Each structure stands twice: as structure tokens, then as C-alpha cells.
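Structure, as C-alpha cells:
If you're wondering where the values come from, they're calculated on a predicted model, not measured in any experiment.
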Amino acid sequence: MVLQIYVKYHTKIMKSTEIDLYKELKRYFGFSQFKGLQEDVVKSVLSGDNTFVIMPTGGGKSLCYQLPALVLEGTAIVVSPLIALMKNQVDAIRSLSSEYGVAHVLNSSLTKSEVNQVKEDIKRGVTKLLYVAPESLTKEEYVSFLQSEKLSFVAIDEAHCISEWGHDFRPEYRNLRNIIRQLGDISIIGLTATATPKVQEDILKNLEIPNANVFKSSFNRPNLYYEIRQKTKQVEGDIIRFIKQRSGKSGVIYCLSRKKVEEIANVLQVNGISAVPYHAGLDAKTRAKHQDMFLMEEVDVVVATIAFGMGIDKPDVRYVIHHDIPKSLESYYQETGRAGRDGGEGHCLAYYAYKDIEKLEKFMSGKPIAEQEIGYALLQEVVGYAETSISRRKFLLHYFGEYFDSVTGEGADMDDNVRNPKTKVEAVDNVVKVLKVVRDTKQVYKSKQIVFTLVGKLNALIKANKTDAQEFFAIGNDQDEKYWMALIRQMLVGGLLSKDIETYGVLKLTQKGIEFIESPSSFMMTEDHVYSEKEDGDTNSSKAVTVIDQVLIQILKDLRKKVAKKHGVPPFVVFQDPSLEEMGLKYPITIDEMANIIGVSEGKAKKYGLEFVNVIKNYVEENDIVRPDDLVVKSTGANSALKLYIIQNVDRKLALTDIAGAKGLDMDTLLKEMEQIVYSGTKLNIDYWLDEMLDEDHQDEIYEYFMESETDNIKIALEEFDGSYDTEELRLMRIQFISKEAN
């Protein structure tokens, strides 16, 4: 990795001259060589200089302050934002020393006796590293205690938290300089994994260390492959296929909400992938357990909010997936940086849909204007990265103030844009149309209304403003809404338009946009890239399936008749038509895959499925068919709680009217749920209810009809009985019949 160093050394008598650094490095950490800039940083800290370190995730930041702390006299204060991170670091340091008290945490989770033990170890000179949250340093009793003890330096980890322009700004960090001042004349080392030039300047200014020695490693991680995919309704299937292609490898999936974390973890689990959720809503014990399971390789995947990963030192994470696009490129860079720390394979896949960006913008609308402005600017950079047609690595490194040669640079071909170049088309005339419509509608419309105006679509706001009476109304009806929305997004990224902060989302012309109207120049619009099966890594030229295979359906229907005859039941008892149709789309070739098919339970798959999967397997091989594995996704069953309630209360022989009433359902809805239950292979014994409605002879008559019928269609049954029974009675008897004969 190419390293860049920006250093202004103060020539002091360096304490490091009296210390054999390599000997101490070997003694404490077992390494014989420093990594990258570590040695220079350690020397700077040992010399008593203020030091600022920008080192990407996996670069070895922690050692930069841990080694000096271990060899210097006194205690180093380490300010850290997360309790979980502190615990990991403390455990790691304790494993290096025979003294348990060599490292301590001082925060609100400690009891009074534990706090006293920490103070005692510091007084005795045993504690070399004291990890504190910034809030703890505001406590007067802690500050007055530390003032009386010998301190070596203060290290501020995750220093980007100081800057309002950082991706994880913490207001309590802004007051750190005032607190440090109270501790006396003590040197400071600030460390961060992500910092744009603006954030770097803000950190140095706030900490009042403008002349600090600045060490900046290259942000390039040449072993990471960056990829953005369009976020569609099939995203869960795509993720499952991606993970199954990397079976046994470790990965992290990031989601923005706790709810989505739980949903994705559940979907992965029911599809045979070992995964656990991780978010702040889980209790500390569960979070710690899930984290340990991941580290000990008891599970392959952690699905998490951004709370996961801070300080997690797992070198062999092979992929990081962003189900939701992050709020800033700093977050994205830091989270993707958890892949491939050992220098091996690291695939960084993010799913992008502009509606997710709009959702994030909406969340910001209630915040102070200054905060909105920063948040919006950070989001625009994310949009720019997702929609760019240039090398993603070049875009990222440029964002962090680093030049990258996208032809000869290390890792130059490691992104989807380089491997699958996007098509670009000239759009200068259409850009002018958009700019003029924004101008001539008095800059009061959001993107949606501008697009409607361009294509000639009416809504209440357009009518109220009489925009439909203007000459330019429908000026762009030669293109569809999707085209114009994509163009507007790229114009926003290109700086020709901006979104107003005061009136959330309203489009405004920038100075650059005004000049463009007067003097138009080339504007190359990137067409949305559509990933084909082949580009996703499938080089097989066989026919990929996108429609129901009618030839196979007929084969399966013939087989169904044969199996039904063997078991002495009607064909629909074996498998219903919707189940056969899904088999003709998904080609299940194992009993497990058969159990994923709609209307097929594990029991039903085992009872009837073997002959079907053998026939399908032979058919797939003979016809050289590429099975759409991404479609074979087992649902978690969002309505499973209601179904469980129905099953339990039918077992208790509760009146069906009471079951429906308790859940606010009408009888039709309850019967639909019951039908789904029995058609999926679960028994429901409703004899008790049928005995109240129909006498034994009537039940036998209907039961015998279904046994001899070619179909379970209720309309045909109504015609057959010519009004002798109503729809509800026939549906209930069908439920009883399927339950007894099919399950």
C-alpha cells in the first residue's frame, strides 16, 4: 500500500531514543516489524508531540497509542465513544500483561467498588491505559482525581466524532479540549479511520493542536472490490444467492433500521444460512453472544445496524453488504473497511435505490437548518458515488483528498464500473429543458412536480399553479418519468441544481445552472446499468428461466395423477396447481427446495416430493436449464403469529366465530387463513365445528364428493349440489378434507 506522510516534527529530545521500540513491540504484541506509519507515529507520541493520525480501518491505529502507553510512565487516557469497543480493547491489553489492572474502563456501568479498584490501580502505577467515554470526563470527581495522578498523554479515538462534518458527530466530543486543559499540560493524539480534508481541519482546530504532527496513510484498499446494484423487490433473493455462492465465508450485512435487521436475519435463517442479528435494541448479553458467535465462526453472517463492527478485529470478513445505502461516504468507507483486513478477498456490495435517499432526506427535515445542510451535502456525495460512471475507487479516494490513477493504480480494476462500463448518452438539450422548466415555474416545485410538468401529467399542485396552461407543459413527453428523474439526480450531482433546505426538497437553480442555460455545453448522462445473469458471475450460456415452463408443468400434472392414483386421493390433494406452477418456475431438485414451494410443507414434501424432484432434476439436466437460484427464497411468513393463534385455538375447540372476533376478522378472512394453513401441510381438526353445522350424512356426502372430484373448486361444487349447501359449508368441508387426506 502506498503511504503518504504529512509531518512537521518538533526536534525534541525523543524519549524513544532510550527505548528499544522493536524489543517492546515484540514483547507486548509479538510483532518484529511495524506496519505502515506505526513506527513514526509511536515516535511522535513518545516525544511528547501532539499527533494526529488518519489511518484506514485495518491499518493498526490502536497500536499507535497502546505501545507508547505501555512503555511510558503514568497512565494514558483513551477517549472512546462505545462501551463495547472499550471492553474489547481492555480485554486485548490485559491479555498482553500479567497485571490484570494494566487497562481499565471508567464509565457509568461500573459499581462504586469497581471505581475504587480502578483508582487504586492508577495510584499504584499499574494502570497504563484508562478507557473513558467523553461523558465520564465531565464528572468533577474523576477530573479532580486524574489531576493528582501522573498522566502520559490523552488519546482520542474515533476523532471524527469531534467534527460536525464527520459522519458520526457527537456533541459531547466538542467539549473535550476544555476538559483536557484541566488535566494540565499534556500531549494529545487524535486518531480516525475516515476524515475528509474539511473534517481534518475541523478536528485540529477544535482540539487546538494546529501544529500537530499529521500522519496520513493511503485510503486505498486494493484488495476490496466495490459494487453497486440496483435495489429491487428481489433484493433478498439476490443477497441469499450472493451468500450461498460464498458458502462458509464470513460476512456482514448492514441495514439502517433494527426492524430490517431482524427481517433480513430471519429470511437468511429460514433459507439455510447461519446468521444472527445485532442492534442496540437487543440486550447487552445477546449482543455479546452474537458478536462472539461471529468471531468464533459459529455463524457465517451478522446482520447489523452501524452499531456493529466498531473495534471488531476479525481479519477474514470476506464480504460486506449494504442492504440500505449509508448516510455518508465516511460511513460507507468505514463499514466496507471491515472486509479483507488480512489482505485477502473482500467484496463490498451495496444496494441503491434513490427512494432510500429521499427517505433519509425526509428524516432530516425536522432537524435544525445547519444540521440539515450538512446531512444533505453528505447524502449528495453518496448519490454521486452510487450513480458515478467513473472508477468507484477513484471517486472514493478523491473524496478523502487522495489522487488515484485509475489506469495504473493498485486495485484499478476492482470495481463494477471498470469491469462493466456504463453507457453514456449526450443529454445537453434535455438538461436545458429541465433548467428552463425549473426557472419558469418560479423554483417552487420538487423533483416530482418538475417531472410531471415535463411529461404532461396533472396533479393538484400543478392545477393550482396553472402550470398546465404554460407553453412548456409536456415539453418532455418524448421521454418517460424514470428518464427525467434520473437526469435530475445527475444534474444535482453535477451541481446544476440544488435542493432547498428551508422548503424541503424544492429544486433551485445554482449559479452553474443559470450559466448553463446561457451557454450550454456537453452533458453526458449515464444510463442506468442493468446487471445480467452473466455479469453476476454466471458464464453459462444455457437458457436462463424467466417464465413458467409449460412443458414441465404438463409432465408434473401427469405425474400428479399417477401419484394420486397410487395414494387413492384426488390429484389436487397431492399438490395444487399454484404449487405445480411454482415448480415450473423454480425447478426444485431437492426435498429442502421442494419445501420452499408455495403450499408445500416439509411433511408434504417428504410424503409426495421425491418422485417430483427426481423428474424435475432429470428434466433440468436433459434440457440444459440454468435454475434461477435467487428466486428460491423461503418466506419468513409475516402472518405466522395469526396462523399460530388459529391453530392453537382450533386445538382448544374454540368456536370459529370467537376466533375471528378476537382478531377482528370476518368469516371469509378466517377461512382464507385456515385454507392456507391446511394447503401448506398443517392439520386442522374442525370436526367439533362441523358437527354443529351439518349432520353426519351431509358431511359424508360432501366428503365423498371431494374424494371423487377432479377439482376442489368451490364454484363447481356449488353447481354440483345445486344449492343444497352454501359456500361457507363447502369451504369448511374442503378444509377438513384437505387436512385429513393431504396432510
Using only atom types and a distance under 3.5 Å, with no angle test, would you say the side chain of [X] pairs donor to acceptor with the backbone of [Y]?
X	Y	answer
Arg419	Asp413	yes
Gln269	Ala275	yes
Gln38	Gly60	yes
Thr305	Ser257	no
Arg221	Gly340	yes
Glu227	Leu349	no
Lys512	Gly494	yes
Asp324	Cys255	no
Asp415	Asn417	yes
Arg338	Val252	no

CA sep, side-chain torsions, deciding dist, call: Leu496, Gln490, side chain to side chain contact (heavy atoms under 4.5 Å, CB included): CA-CA 9 Å; Leu496 298 175; Gln490 292 183 39; over 6 Å; no

Derivation of the side chain to side chain contact (heavy atoms under 4.5 Å, CB included) call for Leu268 and Ile240: CA-CA 7 Å; Leu268 296 184; Ile240 288 165; 3.9 Å; yes

Straight-line distance of Leu329 CG to Gln380 CD, nearest 0.5 Å: 11.0 Å

Value rounded to 0.5 Å, distance of OG in Ser391 from CG in Leu397: 8.0 Å

Would a 4.5 Å heavy-atom cut-off, applied to side chains only, mark [X] and [Y] as touching?
X	Y	result
Leu360	Val382	no
Glu593	Val613	no
Phe52	Ile156	no
Leu552	Met583	no
Ile162	Val199	no
Asp300	Lys249	no
Leu63	Phe34	yes
Ile253	Ile243	yes

Residues Lys61, Asp157; criterion salt bridge (Lys or Arg N to Asp or Glu O under 4.0 Å); working and verdict: CA-CA 9 Å; Lys61 288 194 309 298; Asp157 208 357; 5.1 Å; no

Other residues, nucleotides, ligands: >12 heavy atoms within 6.0 Å of Lys433 NZ: yes

Atom NZ of Lys327: over 12 foreign heavy atoms under 6.0 Å: no

Do the rings of [X] and [Y] sit parallel, tilted or perpendicular, given the 30° and 60° boundaries?
X	Y	result
Phe219	Phe400	parallel
Tyr385	Tyr332	tilted
Phe523	Phe516	perpendicular

Stepwise ring-ring contact (aromatic ring centres under 6.0 Å, His included) test for His322 and Tyr254: CA-CA 5 Å; His322 281 91; Tyr254 284 108; 5.5 Å; yes

Checking [Y] against [X]: is there a side-chain donor and acceptor pair closer than 3.5 Å?
X	Y	value
Glu426	Ser522	yes
Ser80	Gln89	no
Glu387	Tyr354	no

Check: His347 ring centre within less than 6.0 Å of Tyr225 ring centre: yes

Lys/Arg cation over aromatic Phe294: Lys314, 6.0 Å, 45° cone: yes

Intermediate values then yes/no, salt bridge (Lys or Arg N to Asp or Glu O under 4.0 Å), Arg318 and Asp342: CA-CA 10 Å; Arg318 290 291 159 241; Asp342 57 1; 2.5 Å; yes

